Structures are given as C-alpha cells and as structure tokens.
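When reading the values below, keep in mind they use all heavy atoms of this one structure, side chains included, and skip hydrogens, waters and symmetry mates. Fair warning: this is a prediction, and the values are worked out from it, not measured in the lab.
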Amino acid sequence: LEGQSLLKPADHGLVLRPLKRLYQDANVNVAASAIKATGLLAGLLGSDFSALARRTAPALLEKGADKKAVVAEAVRGCLAALSTGSCLTLAE
C-alpha cells in the first residue's frame, strides 16, 4: 500500500459539509473534533482539497477567535495542515 492513496477521487464536499456545520456546535469538543477531522482530510488529499479549502477557510478563521483553547488549537492545526498540504496559499 505504500505510495498509494487510501482516498479515492470523489466529491469530498459530501464529507466536508456536515463537518463544517459541526464547527458551530455548542459542545467545544465536538467543534474541535470536526475541525481536526477537516485538517486530517486536507493533509491526506493535499492539493486535491484546494477548492474545498477556499470555501472552508473563512469559517476556520472565524472560529480562530474562539476563547476556548481546545477550539483555537484545533483551528491552528487545521490551518497549518491546509498550508503545508498545498491546499491553500496566503495569497488566496
């Protein structure tokens, strides 16, 4: 399995839409887990995630101002995954 992607080409927006709704969940652990899952998905998909990353970044930046440390840390990790995975550049 080395060198092979475990994710098949598909509409990953079907996975991202429910995750994005969970960013606003009242339970901070649920919101943080959804944000972390987005970061993992971005890391696995790399540049294939770039179109979805552009739609997700505004919601992540909004959540970055959250007072809860667990959410803010998840947002920083997700944004790092987006930038290192060639999903999103600073210019975008």
| field | Between CD1 on residue Ile35 and SG on residue Cys78, distance to nearest 0.5 Å | value | 7.0 Å

| Does the side chain of Asp25 reach to within under 4.5 Å of the side chain of Leu22, using non-hydrogen atoms? | yes

| message | On a heavy-atom basis, which atom in Arg55 and which in Lys20 lie closest, and how many Å separate them? | response | O-NZ, 3.0 Å

| Donor + acceptor pair across side chains of Tyr23, Thr56 (<3.5 Å) | no

| query | Same hydrophobic cluster for Leu82 and Leu61, using side-chain heavy-atom links shorter than 4.5 Å among ILVMFWY? | reply | yes

| Closest heavy-atom contact between Ala81 and Gly39? | CB-O, 3.5 Å

| task | Look only at the side chain of Lys36 and the backbone of Gly77, and say whether a donor-acceptor pair between them is shorter than 3.5 Å. | result | no

| Between CG on residue Leu60 and CZ on residue Arg76, distance to nearest 0.5 Å | 13.0 Å

| About how many Å separate CG of Leu52 and CG of Leu41, when rounded to the nearest 0.5 Å? | 7.5 Å

| task | Given side chain to side chain contact (heavy atoms under 4.5 Å, CB included), test Lys68 with Glu73 step by step and report yes or no. | result | CA-CA 9 Å; Lys68 303 293 183 187; Glu73 185 62 36; over 6 Å; no

| message | Taking Phe49 as the starting point, is it possible to reach Leu19 by hopping between hydrophobic residues whose side chains are less than 4.5 Å apart? | response | yes

| query | Between atom CG of Leu79 and atom NZ of Lys63, what is the distance when rounded to the nearest 0.5 Å? | reply | 13.0 Å

